[in-house]
Amino acid sequence: VQLQASGGGLVQAGGSLRLSCAASGRAFNSYALGWFRQAPGKEREFVAGISRSGSNTYYADSVKGRFTISRDNAKNTVYLQMNSLKPEDTELYYCAAGEFSGATKEYEYDLWGRGTQVTVSS
C-alpha cells in the first residue's frame, strides 16, 4: 500500500479544511489508519486514528471536538475533517497505516505518505 495525502492549504483561523489520503495497492481495509502532524523543529505528533472498519476513532486532546477522521474502504481513502482551525494547527500533516487499532505512536505505523501542509492564519 502506498499513501498520498492531499487537501492542505492556507485558511483563516476558525475555518475548515478536509484532508484526504488515497491509498494504492490491495488490502487497504486490513490497515488501521492515522493522521500525524509535525512542525519544524518538533517531533511528529499523533492527531487522529481509525480502526480497520471505521467503527472506532480516537483523537489527541488538542483536536478532540474539532477534527473528525473517517474512511471509505470502497474508495481506499481516509479523511481528516478539520474545523475551527487555530494558528497552532499550522503543521505538515501525514497519513499513516499500521496493524494496530488504537495506535498513537509513530513507531506503531509501518507505512507513511508524504505530508500536506496546513497553514492557519490569525
Side-chain angles (χ1 to χ4, degrees):
V1 172
Q2 292 185 326
L3 306 172
Q4 179 63 54
S6 61
L10 174 63
V11 64
Q12 288 189 330
S16 299
L17 280 175
R18 188 175 82 154
L19 305 184
S20 299
C21 178
S24 60
R26 292 180 283 182
F28 175 77
N29 59 2
S30 69
Y31 290 94
L33 300 168
W35 286 96
F36 286 73
R37 64 187 185 184
Q38 186 172 24
K42 294 188 176 181
E43 293 186 355
R44 197 172 297 185
E45 63 174 357
F46 171 78
V47 175
I50 190 166
S51 61
R52 291 177 182 81
S53 67
S55 59
N56 294 308
T57 59
Y58 37 101
Y59 300 91
D61 288 343
S62 58
V63 306
K64 203 170 291 182
R66 300 188 297 124
F67 290 11
T68 302
I69 187 171
S70 61
R71 66 189 293 167
D72 186 336
N73 285 342
K75 295 182 178 180
N76 281 11
T77 304
V78 60
Y79 305 97
L80 185 67
Q81 177 66 44
M82 305 186 294
N83 299 329
S84 302
L85 282 161
K86 305 175 182 180
E88 51 264 44
D89 295 318
T90 295
E91 302 204 29
L92 191 60
Y93 285 71
Y94 298 87
C95 58
E99 289 186 56
F100 307 110
S101 293
T104 63
K105 304 298 184 184
E106 190 175 349
Y107 65 81
E108 295 177 300
Y109 288 84
D110 304 308
L111 304 171
W112 292 84
R114 291 189 175 183
T116 184
Q117 179 67 40
V118 171
T119 302
V120 184
S121 63
S122 56

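A heavy-atom distance below 4.5 Å is found between the side chains of Val78 and Ile50. Counting heavy atoms from C-beta on, the side chains of Glu106 and Glu43 never come closer than 4.5 Å.
Within the model, atoms CD of Gln4 and OG1 of Thr77 stand 11.5 Å from one another, a figure rounded to the nearest 0.5 Å. Rounding to the nearest 0.5 angstrom, the gap separating the CD atom in Glu91 from the CD atom in Gln117 is 8.5 Å.
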Please tabulate, for side-chain N and O atoms in residues 27-36, each donor-acceptor pair with protein atoms closer than 3.5 Å (sequence neighbours left out).
residue: Ser30; atom: OG; partner: Ala27; partner atom: O; Å: 2.6
residue: Trp35; atom: NE1; partner: Tyr79; partner atom: O; Å: 3.4

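For Glu45, the salt bridge (Lys or Arg N to Asp or Glu O under 4.0 Å) criterion is met by Arg37, not counting sequence neighbours. The salt bridge (Lys or Arg N to Asp or Glu O under 4.0 Å) test applied to Arg71 returns no partner, not counting sequence neighbours. The side chain to side chain donor-acceptor pair (under 3.5 Å) check on Ser16 picks up Asn83, with sequence neighbours excluded. Contacts of Ser55 classified as side chain to side chain donor-acceptor pair (under 3.5 Å), with partners at least two apart in sequence or in another chain: Ser53. With sequence neighbours excluded, the residues forming a side-chain contact (heavy atoms from CB on, under 4.5 Å) with Val118 are Leu17, Leu19, Met82, Tyr93, Val120, listed by chain and number. For Arg52, the side chain to side chain donor-acceptor pair (under 3.5 Å) criterion is met by no residue, not counting sequence neighbours.
Residue Ser122 comes nearest to Pro87 through the heavy atom pair CB-CG, 3.8 Å, listed as atom of the first residue, atom of the second, then distance. Minimum interatomic distance between Gly7 and Thr116 (heavy atoms only, all atoms of both residues): N-OG1, 4.0 Å. Among all heavy-atom pairs drawn from Tyr109 and Ala103, the shortest one is OH-O, 2.8 Å.
Sorted pairs that involve residues 24-85 and meet disulfide (SG to SG under 2.5 Å), not counting sequence neighbours, are lacking altogether. Sorted by first and then second residue, the salt bridge (Lys or Arg N to Asp or Glu O under 4.0 Å) pairs involving residues 53-64 (not counting sequence neighbours) are Asp61-Lys64. Listed by first and then second residue, the ring-ring contact (aromatic ring centres under 6.0 Å, His included) pairs that reach into residues 50-76 are Phe46-Tyr58, sequence neighbours excluded. Sorted by first then second residue, the salt bridge (Lys or Arg N to Asp or Glu O under 4.0 Å) pairs that include residues 108-122, not counting sequence neighbours, number zero. The disulfide (SG to SG under 2.5 Å) contacts involving residues 16-114 comprise Cys21-Cys95, where partners must be two or more places apart or lie in separate chains.
The hydrophobic clustering, which links ILVMFWY residues whose side-chain heavy atoms are closer than 4.5 Å, places Ile69 and Phe100 apart.
Using a distance-only test at 3.5 Å, with no hydrogens or angles considered, a donor-acceptor pair links the side chain of Ser51 to the main chain of Asn56. When atom types are taken as modelled, the side chain of Thr90 and the backbone of Thr119 share no donor-acceptor pair closer than 3.5 angstrom.
For Gln2, the CD atom sits in a loose shell: 12 or fewer heavy atoms of surrounding residues, nucleotides or ligands are nearer than 6.0 Å.
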